[in-house]
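For clarity, every value in this text was computed on a predicted model and none was experimentally measured. All ligand and atom numbering here is 1-based and tracks the order in the structure. No hydrogens, no waters, no symmetry mates; every other heavy atom, side chains included, goes into these values.
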Amino acid sequence: MMTGKGRLLGIGVGPGDPELITLKALRLLRTAPVIGHFVARAKAEKGQGGNAFGIIEAHLQPEQVRLPLVYPVTTEKLDPPQTYEGIISDFYDGCAVHIAGHLDAGRDVAVICEGDPFFFGSYMYLHDRLAGRYEAEVVPGVCSMLGCASVLGTPLVYRNQSLSVLSGVLPEEELEQRLALAEAAVVMKLGRNFDKVRRVLRRLGLAERAHYVERATMAAQRILPLDEVDPMSSPYFSMIVVPGLKWSA
Ligand SMILES: C[S@@+](CC[C@H](N)C(=O)[O-])C[C@H]1O[C@@H](n2cnc3c(N)ncnc32)[C@H](O)[C@@H]1O
C-alpha cells in the first residue's frame, strides 16, 4: 500500500537479553527514522530511556529521532476526580497525535516494546488508535513468560494441559479461583502484589511447585525460592511460574 505516509511499526525486542531480538526487529529498528519508546517519568527525568530502549540502544544511529513516550503516572495515589484510567487514556491519545504527525510527514515510526507488543504491551493502545488510519506492522518478540521458563529450566505445559496467564493485580479472591482451576500458570505484574499472590499459592498448596524469577534474561536476573522473596523488594519485572505437572513420554 503506497500512501506517502509513514508506517507504524510495533517492534517486540524480547525479555531483556539483547541477543533475544529477531532479525526482522533488528532490520526495522536500524532503518526506522523515528524510534518511539515508553519510559517511566522517574527514569526519563534521569535521562534514561526505559527497559526496552536499553535493549536496543546500541543498534541506533545518531540521526534516528528518539521519541520518548513518558508515562504520566505509574502507581502513585491520585486525587479525585483523577483516575488512572482517565490519565492513561489521555496520555495514549497524546502519544497517538504525536506519532501521527511523523506518519503524516512520511516517516516510519518504530515503537519498541519489551517482550511481545501484543502480549500486555503498551504498544497495543497506540495500535488501537492508529492502525485503522495508517499502515501498521507488528513484529513479534520473545515474551517474558517464555524467557522466564527458559531461565528456570522448567517446561511450561505438557501434552493437553492448559496454561493460565494471570495478572497479579487481580483481587485476591479472583486470583484464588483462577489458580485453583489452573493446570499450569504464570502470574505477571507482581511488584507490590507479590505477597498477595504468595498467600494464595500457599493456601492452594501450589507454593512448592511455583518458581519466582525477576528480570529474566537480563544482567540483573534473580531466581529465588518463593519463601525467600522480600515482598517489599519484588520488582515490577518479576513473575511466578507454576509449570504443568511433568508428563513422561
Ligand atoms: C506490561 S507486561 C509486558 C509484557 C511483555 N510485553 C511481554 O511480552 O512479556 C509487564 C510484565 O511482564 C513481566 N515481565 C516482563 N519482562 C520480564 C522479565 N524480563 N522477567 C520477568 N518478568 C518480566 C512482569 O510480570 C511484568 O510485570
Suppose I only count heavy atoms of [X] and a 4.0 Å limit; which atoms of ligand 1 are within that range?
{"X": "Cys143", "answer": "8 (O), 9 (O)"}
{"X": "Ala216", "answer": "18 (C), 19 (N), 20 (N), 21 (C)"}
{"X": "Phe237", "answer": "14 (N), 15 (C), 16 (N), 17 (C), 20 (N), 21 (C), 22 (N)"}
{"X": "Met218", "answer": "19 (N)"}
{"X": "Gly115", "answer": "7 (C), 8 (O)"}

If we ignore hydrogens and angles and just use 3.5 Å, is the side chain of [X] paired with the main-chain N or O of [Y] as donor and acceptor?
{"X": "Ser144", "Y": "Gly147", "result": "no"}
{"X": "Lys5", "Y": "Ala105", "result": "no"}
{"X": "Gln161", "Y": "Leu245", "result": "yes"}
{"X": "Asp93", "Y": "Asp90", "result": "no"}

What's the shortest distance from [atom] to any protein heavy atom, and which residue and atom give it?
{"atom": "atom 26 (C) of ligand 1", "answer": "Tyr236 O, 3.2 Å"}
{"atom": "atom 12 (O) of ligand 1", "answer": "Met188 CE, 3.3 Å"}
{"atom": "atom 8 (O) of ligand 1", "answer": "Asp116 N, 2.7 Å"}
{"atom": "atom 9 (O) of ligand 1", "answer": "Ser144 OG, 2.5 Å"}

_When you compare ligand 1 with Glu214, is there at least one nitrogen or oxygen pair between them that comes in under 3.5 angstrom?_
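Such a contact does not occur with ligand 1.
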_If only side-chain N and O atoms count, and only distance matters, is there a donor-acceptor pair under 3.5 Å linking Asp104 with Tyr134?_
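Asp104 and Tyr134 do have a side-chain donor-acceptor pair below 3.5 Å.
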_Under 3.5 Å, is there a donor on one side chain and an acceptor on the other for Tyr125 and Ser89?_
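Result is no, nothing qualifies.
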_ligand 1 contact on Glu114 by region, counting heavy-atom pairs under 4.0 Å_ =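 Contact part for Glu114 vs ligand 1: both backbone and side chain.
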*Could you tell me whether Ser238 approaches ligand 1 through its side chain, its backbone, both or neither, with non-hydrogen atoms closer than 4.0 Å?*
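The part of Ser238 near ligand 1 is the backbone, not the side chain.
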*asked:* Check this for me: does any side-chain nitrogen of one of Glu208 and Arg202 sit under 4.0 Å from a carboxylate oxygen of the other?
replied: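 Looking at Arg202 together with Glu208, the answer is no, because their closest N to O distance does not fall below 4.0 Å.
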_Pair Glu172 + Arg203, salt bridge at N-O below 4.0 Å_ =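 Salt bridge: yes.
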*Looking at Phe38 versus Phe53, is the centre-to-centre ring distance below 6.0 Å?*
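When the ring centroids of Phe38 and Phe53 are compared, they turn out to be at least 6.0 Å apart.
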_Tell me whether ligand 1 is touched by Cys148 - counting only heavy atoms on the residue side and a distance under 4.0 Å._
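The answer is yes, since Cys148 has a heavy atom less than 4.0 Å from ligand 1.
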*Nearest to atom 19 (N) of ligand 1 by heavy atom, Pro235, Pro140, Pro15: which?*
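Checking each option, the heavy atom nearest atom 19 (N) of ligand 1 is found in Pro15.
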_Could you work out, for atom 6 (N) of ligand 1, the closest of Phe119, Tyr123, Phe120 by heavy-atom distance?_
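It is Phe119 that holds the nearest heavy atom.
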*What distance do Glu19 atom CD and Asp17 atom CG have between them, rounded to the nearest 0.5 Å?*
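If I round to the nearest 0.5 Å, the distance is 5.5 Å.
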